[in-house]
Amino acid sequence: MKIALPKGRVADEVLNIFQKIFNEKFEFESRKLILKKAGFTFYNVRNWDVATYVENGAVDIGVVGYDVISELNSDVYEILDLGIGKCRVSVAGIKGDNSYKNKTKLVVASKLANIAKGYFDKKGVAVSIIKLNGSIELAPLVGLSDLIVDIVETGTTLKENGLEDKEVILHSSVRVIANKNSFIQKRDEILNLIEKIKEVYGA
Ligand code: PRP
């Protein structure tokens with residue numbers, strides 16, 4: 001079975017779970033992107049690419065945040081919530097400033113452009129989205145946007161930059177996702193693995 005893991009903390013945590021299940025060491029060697037062990041092949045990919053590998057069938061399953069699946073609108077099955085990497089996607093703006101409510105069209109900066117657009121469209125609010133790649137919190141501070149849509153984990157970044165949540169769009173956590181064909185063809189194998197993960201992890 002082929003599994004895509006997002007580089008970093010989540011990959012380490014998932015490999016730890018496998019270590020407990022199989023009582024063997026699961027670890028990517030220095031710069032290697034592929035790890036083969038106990039009938040599994042793990043691929044070390046960027047967080048934003050996990051769902052792409054799964055959706056296109058390059059791997060059977062992947063581990064990724066719900067925020068990413070939502071933004072990409074990935075056509076995959078979500079099969080388990082690991083309950084780690086909890087965060088929310090919020091509309092945020094300058095603390096105490098609610099003048100955005102009187103505007104006929106809002107300018108919103110975000111890395112999550114599709115989530116942001118979808119949210120305001122649904123509310124019937126005219127919006128222009130400015131796509132940024134990071135440090136989103138800067139946008140309203142320099143007058144680039146009225147608001148931002150961004151990931152809030154501890155809330156420290158908002159607080160330290162004089163911003164606050166205005167509205168929460170969605171709550172996210174790390175999910176195990178499966179390719180739709182793989183889930184049909186390897187259903188028992190996948191479900192068996194999920195059961196083992198639940199046993200050791202209590203997810
Ligand atoms: C994310 C997110 C916020 C911050 C939230 O950014 O975009 O900026 O973390 O975390 P907090 O609520 O715990 O402060 P990231 O660290 O991924 O960097 P980025 O600005 O490059 O997106």
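Just so you know, these numbers use all the heavy atoms, side chains as well, and skip hydrogens, waters and symmetry mates. Remember, it's 1-based here, ligands and their atoms both numbered in the order they're listed.
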* Asked: Which protein heavy atom lies closest to atom 20 (O) of ligand 1, and at what distance to 0.1 Å?
  -> S135 N, 2.8 Å

* Structure fact -> among protein heavy atoms, the one nearest atom 13 (O) of ligand 1 is T154 OG1, 2.5 Å

* Atom indices of ligand 1 within 4.0 angstrom of T156 heavy atoms, with elements -> 12 (O), 14 (O)

* Asked: Do any non-hydrogen protein atoms sit less than 4.0 Å from atom 8 (O) of ligand 1?
  -> yes

* Given the rule that I, L, V, M, F, W and Y join up when any side-chain heavy atoms are under 4.5 Å apart, are I130 and L141 in one cluster? -> yes

* Structure fact -> for atom 15 (P) of ligand 1, nearest protein heavy atom and its distance come out as K111 NZ, 4.8 Å

* Are K180 and Y77 in a cation-pi setup, meaning NZ or CZ lies under 6.0 angstrom from the ring centre and within 45 degrees of the ring axis? -> yes

* Asked: Does any N or O in the side chain of N161 come within less than 3.5 Å of the main-chain N or O of T157, such that one atom is a donor and the other an acceptor?
  -> yes

* Protein heavy-atom contact under 4.0 Å for atom 11 (P) of ligand 1? -> yes

* **Polar proximity ligand 1 side, G155 side, N/O cut 3.5 Å exclusive** => yes

* Near V152, which atoms of ligand 1 are under 4.0 Å from a heavy atom of that residue? -> 12 (O)

* Counting only heavy atoms on the protein side, is anything nearer than 4.0 Å to atom 22 (O) of ligand 1? -> yes

* From NE2 (H171) to CZ (R88), nearest 0.5 Å -> 7.5 Å

* For the side chain of N56 and the backbone of T52, is there at least one donor-acceptor N/O pair under 3.5 Å apart? -> yes

* Can you sort out which atoms of ligand 1 are near G134, meaning under 4.0 Å from one of its heavy atoms? => 19 (P), 20 (O), 21 (O), 22 (O)

* Would you mind checking which non-hydrogen protein atom is closest to atom 3 (C) of ligand 1, with the distance to 0.1 Å? => E137 OE2, 3.2 Å

* Structure fact -> When distances are taken from atom 5 (C) of ligand 1, the protein heavy atom at minimum range is I151 O, 3.3 Å

* Got W48 and E71 here, is their nearest side-chain heavy-atom distance under 4.5 Å? -> yes

* To do: May I ask whether atom 1 (C) of ligand 1 is less than 4.0 Å from at least one protein heavy atom?
  => no

* S172 side chain to Y66 main-chain N or O, any donor-acceptor pair under 3.5 Å? -> yes

* Distance from atom 4 (C) of ligand 1 to nearest protein heavy atom, with residue and atom -> T157 OG1, 3.7 Å

* If we only count heavy atoms from C-beta on, is the E27 to L35 side-chain gap below 4.5 Å? -> no

* **Within reach of ligand 1, part of D150 (heavy-atom separation under 4.0 Å)** => side chain

* **L158 backbone acceptor or donor facing E164 side chain under 3.5 Å** => no

* Asked: Do the side chains of I197 and L82 get nearer than 4.5 Å, heavy atoms only?
  -> yes

